[in-house]
Amino acid sequence: MTSVCSTGSQSCEVEPQVDIRIETKVESGRIKSDRDSQSISTMENTSSSIPRKRTALSEKPTEENKLKSSVASLRKQQESGSNSSSSSSSSSVSVGGSQRFYGKKPVSLKRSIYRDNEQETEASSGSGSSSSTSSEPERHVKRLKSERLEKRREELDSQDKDDVTMCYDYADEIFEHLYKRQFETTTRLNYLKDKNYEFYLRPTMRSILVDWIIEVHCKFQLLPETLYLAINIMDRYLSFNKVTLPKLQLIAITSLLIAAKFEEVNLPKLSNYSYITDSAYSNEEIKQAEFVILNKLEYNIGWPNPLNFLRRISRCDNYDSTTRQLGKCLLEYMVCCPHFISLVPSQIASVAMYTAQKIVHPDFQWDELWSHYSLHPFDDNETELREQAQILINDIAKPSTQLNALIYKYKKIGIWNKIHNWCLENSIINSEEESSSDCASSIASSVSA
């Protein structure tokens, strides 16, 4: 690096003094030498006035020259259509072994080499953005629906905030526990369908037992929860135990006794249960049957009552008394009907309330709000619910078993006739029979003609 100084008419070139310090260290008989990078004290003081010499690429070490030449060749190949001004404007200066760039930065080599891949990703992202823009209105609608649903839930829940008996703070946790518990205390096998089943029982025999339990339940003036639990205990025992015909009534009356002990505050005396059977079974026999049933069930009788789920679902229509009374009647019929033994309480309550809403409101739709308060009993929200409701409607229109005590009980209230007439109009069996009768009449008329 040179500098020009002028003294009068003469000019001379002055070489700056360069301090090169070599530090030698002797360690265990070996001499190690480290050479510092060229440090110029005078140049540091006069760096602003002295112009820097630009080092050529040929003055670099050979390995760096090779690297630069390969990079330059690749750049020329990839940027054949680029301007020559961009390449000439980028210059490098090496000071102290490090390279610095002035002017425009060199174009990224990675950007040039992988340009095809970037174009593909951009194209894919462009198509994704177009699909996202097309689905954006749908997301907006879903978001609005969820917001409305959440707002509606808060409004319904806040109604029970001041009612201590509703357990507002713990209601969700309580029903989550009941939802899990129902699968542990419900028979998952309908022992009335498969005739080859080891413990098969004819549906007519069970209907006689259930109808008799309803009569005794009404005479003792017990709670509805007691009736449902008694039928559940009897079904669970009969589903995996062989019982002779003379002992069926004993199992039924003992199941009612256990349920009354679990649900009632003031329950009948043991002698009353023996008396209601016309003294067919003594007190000791009823006690022994109670011991056997409880041992077979492993004292696991904490069955979540379907009436609790029905009360929770009623919150969606602000506890409408009409639909709730219809729902209670339908729920009791389902508990007594042989087709729904394997359904869990949340499913029974959902089907009963769905049918009751259809009777009162023909355009009723089972939406997410109803599904939320029924704890999502069916995987497919409304399809399976409709199927089970149609089975219920068909059985009420054309009963598979006789439940005279139940029908008589709800006829006195004035509910049964309304339900029965609506089921006759909406049953599939009725429509099929009408279509077959129409076909038969048309055939007969054509033959006669």
Side-chain angles (χ1 to χ4, degrees), residues 186-197 199-219 224 226-253 255-256 259 277 306-307 326-345 347-349 351-352 355-356 387-413 415-430 432-433:
T186 303
T187 174
R188 304 306 296 164
L189 178 66
N190 194 338
Y191 63 97
L192 305 176
K193 285 187 176 181
D194 189 7
K195 292 184 179 181
N196 297 323
Y197 183 55
F199 308 112
Y200 170 76
L201 185 70
R202 282 182 298 163
T204 53
M205 293 300 299
R206 179 185 178 272
S207 67
I208 293 170
L209 287 176
V210 169
D211 203 52
W212 181 74
I213 289 175
I214 293 172
E215 288 182 1
V216 176
H217 176 267
C218 291
K219 284 223 171 166
T226 306
L227 174 64
Y228 305 148
L229 181 59
I231 296 173
N232 171 261
I233 291 171
M234 184 185 71
D235 284 334
R236 287 169 62 196
Y237 182 80
L238 293 176
S239 62
F240 60 91
N241 289 282
K242 194 73 175 176
V243 181
T244 58
L245 190 62
K247 295 295 181 182
L248 283 174
Q249 192 179 12
L250 177 62
I251 297 300
I253 195 64
S255 300
L256 186 62
T277 61
L307 201 55
L326 293 173
K328 285 181 179 179
C329 177
L330 293 167
L331 186 144
E332 187 168 332
Y333 189 91
M334 289 184 69
V335 171
C336 301
C337 182
H339 299 300
F340 307 103
I341 291 176
S342 57
L343 290 186
V344 294
Q347 293 175 337
I348 294 174
V351 174
T355 311
E387 292 175 359
Q388 296 295 334
Q390 192 60 54
I391 294 172
L392 174 63
I393 293 166
N394 295 340
D395 196 84
I396 292 174
K398 190 177 180 180
S400 57
T401 55
Q402 296 297 322
L403 298 170
N404 296 324
L406 185 147
I407 294 171
Y408 176 73
K409 180 170 73 172
Y410 284 101
K411 267 186 178 180
K412 288 194 300 183
I413 306 173
I415 295 176
W416 179 256
N417 290 332
K418 183 178 181 179
I419 294 175
H420 186 254
N421 293 333
W422 184 86
C423 290
L424 285 173
E425 294 174 0
N426 293 273
S427 63
I428 296 178
I429 297 172
N430 186 40
E432 288 177 354
E433 287 179 353

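Everything numeric in this text was worked out from a predicted model, so none of it was measured. Numbering of residues begins at 1 and proceeds along the displayed sequence.
Residues Leu238 and Tyr200 fail the side-chain proximity criterion, which asks for heavy atoms closer than 4.5 Å. Taking the side chain as every heavy atom from C-beta outward, Pro399 and Leu403 never approach each other to under 4.5 Å. Side-chain contact check for Trp212 versus Ser207: every heavy-atom pair is 4.5 Å or farther apart. Within the 4.5 Å cutoff, the side chain of Ile231 has heavy atoms near those of the Arg206 side chain. With contacts defined as side-chain heavy-atom distances shorter than 4.5 Å, the pair Lys219/Val216 does not qualify. Residues Phe340 and Leu392 meet the side-chain proximity criterion, which asks for heavy atoms closer than 4.5 Å. Residues Met234 and Val210 have side chains in contact (heavy-atom distance under 4.5 Å, counting atoms from C-beta outward). When side chains are defined from C-beta on, Ser342 does not count as touching Thr187, because their heavy atoms never get closer than 4.5 Å.
Proximity of a side-chain donor or acceptor of Asp211 to a complementary backbone N or O of Ala405 within less than 3.5 Å is detected. Formation of a donor-acceptor pair under 3.5 Å by the Asn426 side chain with backbone atoms of Ile393 is not found in this model. Proximity of a side-chain donor or acceptor of Asn394 to a complementary backbone N or O of Gln390 within less than 3.5 Å is detected. Side chain of Arg188 to backbone of Leu343: no donor-acceptor contact under 3.5 angstrom is found.
The OG1 atom of Thr226 sits 12.0 Å away from atom CD1 of Ile213, with the distance rounded to the nearest 0.5 Å. One distance of note links CE of Met334 with CD1 of Ile348; it measures 5.5 Å at 0.5 Å rounding. Summarising the geometry, atom CD1 belonging to Ile208 is positioned 9.5 Å from atom CG belonging to Leu248; distances are rounded to the nearest 0.5 Å. The distance from the CG atom of Leu189 to the CZ atom of Arg236 is 14.0 Å, given to the nearest 0.5 Å. Rounding to the nearest 0.5 angstrom, the gap separating the NZ atom in Lys247 from the CG atom in Asn241 is 14.5 Å. In this structure, His339 NE2 and Lys193 NZ are separated by 7.5 Å, a value rounded to the nearest 0.5 Å.
Summarising the geometry of Cys218 relative to Lys409, their closest heavy-atom pair is SG-CD, 3.6 Å, with the distance given to 0.1 Å. Nearest heavy-atom pair across Tyr410 and Lys328 is OH-O, 3.8 Å. Of all heavy-atom pairs between Leu331 and Ala352, the closest is N-CB, 3.7 Å. Scanning both residues, Cys423 and Ala397, for their nearest heavy atoms gives O-CB, 3.7 Å. In plain terms, the two heavy atoms of Ile253 and Leu250 that are nearest each other are CG2-O, 3.3 Å. Taking every heavy atom of both residues into account, Pro338 and Leu192 meet most closely at CB-CD1, 3.5 Å.
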Pair Ile214-Cys336, side-chain contact (heavy atoms from CB on, under 4.5 Å): steps then yes or no: CA-CA 9 Å; Ile214 293 172; Cys336 301; 3.7 Å; yes
Candidate pair Asp235 and Asn232, rule side-chain contact (heavy atoms from CB on, under 4.5 Å), full reasoning: CA-CA 5 Å; Asp235 284 334; Asn232 171 261; 5.9 Å; no
Worked verdict on Trp416 versus Ile396 for side-chain contact (heavy atoms from CB on, under 4.5 Å): CA-CA 10 Å; Trp416 179 256; Ile396 292 174; 3.9 Å; yes
Steps toward side chain to side chain donor-acceptor pair (under 3.5 Å) verdict (Glu425, Asn421): CA-CA 7 Å; Glu425 294 174 0; Asn421 293 333; over 6 Å; no
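Taking the six-membered ring where tryptophan is involved, the planes of Tyr197 and Phe199 are perpendicular, since the angle between them exceeds 60° and thus also 30°.
Side-chain contact, Asp395 with Ser400: a donor N or O sits under 3.5 Å from an acceptor N or O.
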